[in-house]
Trainee: 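Below is a structure I'd like to ask you about.
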Amino acid sequence: MSSVFSIMISAILTDNYVLSQFKGICPFLGVSKKLSSSLGMGLAVIFVMTCASVVTYPVYSLILEPFNLEYLRTVAFILIIALFVQLVEIAMKKTLPFLYRSLGAYLPLITTNCAVLGVTLANIDNEFNFMESILNAFFVGVGFTLALILFTGVRSKLEDCDIPEAFKGIPITLVSASIVSLSFMAFSGL
Amino acid sequence: MSNSNFKEFTKGIIKQNPVLVSLLGMCPTLAVTGQAINGLGMGIATTFVLFCSNIIISLLKNVIPKEVKLPCYIVIIAGFVTIAEFLLHGFMPSLYESLGTFLSLITVNCIILGRAEMFASKNKVLPSMLDALGMGTGFTLALFLMGSVREIFGSGQWLGMDIAVFENIKPMTVFVMPAGGFFVLGCIIAFLNKIAGKRPPQKTGCAGCPNSSKCLRDSEEEVLKK
């Protein structure tokens, strides 16, 4: 139980993927303008990350490891993720159209989201077992969503501010991301 | 070298710098630049992968079917990333250790996929090679600049050497931390906007991503529905 709790705290707060490990910055900056889109992206990422870990873990421990093919993991994992995202998109369209309408637009973007590949590789590097991998992936997704939603709030305040000409657009977004990241550093003592 | 080929090389360094102008490949730019040497190593590794994958993709542009081009590109890129990992592991183990997972994550660096999609799949081999070298150099320079600023202010060193000015001033550790990464990148882009004297680019990294056409189309549809 304590390991579950420590995985949760570390994935969501202390080692937040976006704000302290810099994975998944593109969607973080790209889709954090509206609350609805950041929530949609966040849920899609949680879903794909968890499912991708469910698939990649057995592939690594049952196929790659016994045949000494560990070096192929990047190739294998990215293929699995790309394939999986396609499958999820097709399946969701057929069976869960209401979910597809809200998440569908974000699914193709997730293939190239480095947080997803990152979490599957991190599961292996940290020598998690199957259950821990799935939990870790789920909580990393939750941390990603939390960061995205918090940042959407910050950005909506920025809209009304008088910003120097040179800082308009992406520079001020990065500087405010820095402040949000600074606030997350406070968790590092946990 | 003819004039147009030379342009393919130089455009990536300043005019279309992948990090500072097109805002692509933000994750490695922020993550590995705590020290200048790591930024340089990451830049060179990415350039190697970009160069090789651009050549192969440009050679295979008529063979790869349109429907499955993204998976094909990703597999080619992932193959070269694995080679780069082996080379670094064998010859520069300390750099390999400090880059960590981000070496594997070169696979999903949007600069490489973006260049494959936007340039190598439409052009001959020689321009693709030059394009890759130019973009790679631009990326490496941006990372080196980021790394230098963060290392000098954050730990009072540059490429591991102590800097005399900082003997009496305590370095600001926050620059080496994640928060400093965002801050330095924001300031560098703002500074470039200032000296370029033009309106800064409003688009984020998404616009250069190969999936953006689909994504943007979907979000437009969303707006129309409302």
Side-chain angles (χ1 to χ4, degrees), chain A residues 16 19-33 36-37 71-79 81-83 86 104-106 108-109 111-118 121-122 125 164-185 188, chain B residues 23-32 70-71 74-75 77-79 81-82 85-86 100-102 104-105 107-110 113 174 177-195 199-207 209-212 214-215 218-219 221-222:
Chain A
N16 188 291
L19 295 169
S20 56
Q21 298 200 14
F22 299 118
K23 287 168 189 161
I25 301 289
C26 295
F28 179 65
L29 297 175
V31 290
S32 59
K33 280 192 188 127
S36 63
S37 54
Y71 60 88
L72 280 181
R73 62 179 195 176
T74 315
V75 186
F77 285 8
I78 190 72
L79 258 183
I81 292 169
L83 201 76
Q86 288 276 321
Y106 307 106
L109 276 174
T111 318
T112 49
N113 182 343
C114 51
V116 178
L117 182 63
L121 293 172
D125 286 339
E165 192 65 24
F167 269 98
K168 270 188 186 150
I170 208 73
I172 193 71
T173 314
L174 284 166
V175 172
S176 34
S178 147
I179 295 166
V180 177
S181 160
L182 206 61
S183 70
F184 265 71
M185 268 165 55
S188 62
Chain B
L23 309 170
L24 292 171
M26 302 292 247
C27 305
T29 310
L30 291 162
V32 300
L70 272 184
I74 288 183
V75 173
I77 295 165
V81 169
T82 311
E85 273 180 300
F86 272 133
T101 343
F102 278 92
S104 310
L105 292 182
T107 319
V108 280
N109 187 326
C110 26
L113 209 56
V174 70
M177 289 174 160
F182 284 113
F183 182 74
V184 170
L185 186 59
C187 291
I188 289 177
I189 295 175
F191 179 70
L192 289 181
N193 287 337
K194 188 81 189 165
I195 51 173
R199 254 191 95 70
Q202 290 293 322
K203 57 177 187 182
T204 44
C206 267
C209 160
N211 288 317
S212 69
K214 185 185 184 318
C215 181
D218 286 343
S219 55
E221 276 169 13
E222 229 172 78

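To find a chain, count down the sequence lines: A is the first, B the second, and so on, and within it residues start at 1. Note that the structure is predicted; figures quoted are calculated from it, not measured.
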Trainee: Any idea which of N109(B), T107(B), V184(B) has the most non-hydrogen atom pairs under 4.5 angstrom with chain A?
Mentor: T107(B)
Trainee: Given the rule in the side chain to side chain contact (heavy atoms under 4.5 Å, CB included) test, do I25(A) and F182(B) qualify, once you have shown the distances and angles that lead to the verdict?
Mentor: CA-CA 10 Å; I25(A) 301 289; F182(B) 284 113; 3.8 Å; yes
Trainee: Relative to chain A, which segment of F191(B) carries a heavy atom at a distance below 4.5 Å: side chain, backbone, both, or neither?
Mentor: neither
Trainee: Around atom CD of Q86(A), are there more than 12 heavy atoms of other residues, nucleotides or ligands at under 6.0 Å?
Mentor: no
Trainee: Within this structure, what is the OG1-CG distance for the pair T173(A) and L185(B), rounded to the nearest 0.5 Å?
Mentor: 11.0 Å
Trainee: Quick check on S104(B) against chain A: is it the side chain, the backbone, both or neither that has a heavy atom closer than 4.5 Å?
Mentor: both
Trainee: Side chains of C27(B) and L105(B), heavy atoms from C-beta outward: is any pair under 4.5 Å?
Mentor: no
Trainee: If you count heavy-atom pairs under 4.5 Å with chain B, which of G118(A), A82(A), C114(A) comes out on top?
Mentor: C114(A)
Trainee: Select one option (side chain, backbone, both, neither) describing which atoms of L117(A) are under 4.5 Å from chain B's heavy atoms.
Mentor: both
Trainee: Counting only non-hydrogen atoms closer than 4.5 Å, does L121(A) touch chain B with its backbone (N, CA, C, O), its side chain (CB onward), both, or neither?
Mentor: side chain
Trainee: What residue in A78(B), C187(B), P28(B), P71(B) has the most heavy-atom pairs under 4.5 Å with chain A?
Mentor: A78(B)
Trainee: Scan L182(A), I179(A), V175(A) and name whichever one has a side-chain contact (heavy atoms from CB on, under 4.5 Å) with F183(B).
Mentor: V175(A)
Trainee: Is it the case that the side chain of S181(A) and the backbone of A177(A) share a donor-acceptor pair, with hydrogens and angles ignored and the cut-off at 3.5 Å?
Mentor: no
Trainee: Among V174(B), I188(B), V108(B), I74(B), who wins on heavy-atom pairs under 4.5 Å with chain A?
Mentor: V108(B)
Trainee: Using a 6.0 Å cut-off, check whether atom CZ of F184(A) has over 12 heavy atoms from anything other than its own residue.
Mentor: yes
Trainee: For V32(B), is it the side chain, the backbone, both, or neither that has a heavy atom closer than 4.5 Å to a heavy atom of chain A?
Mentor: neither
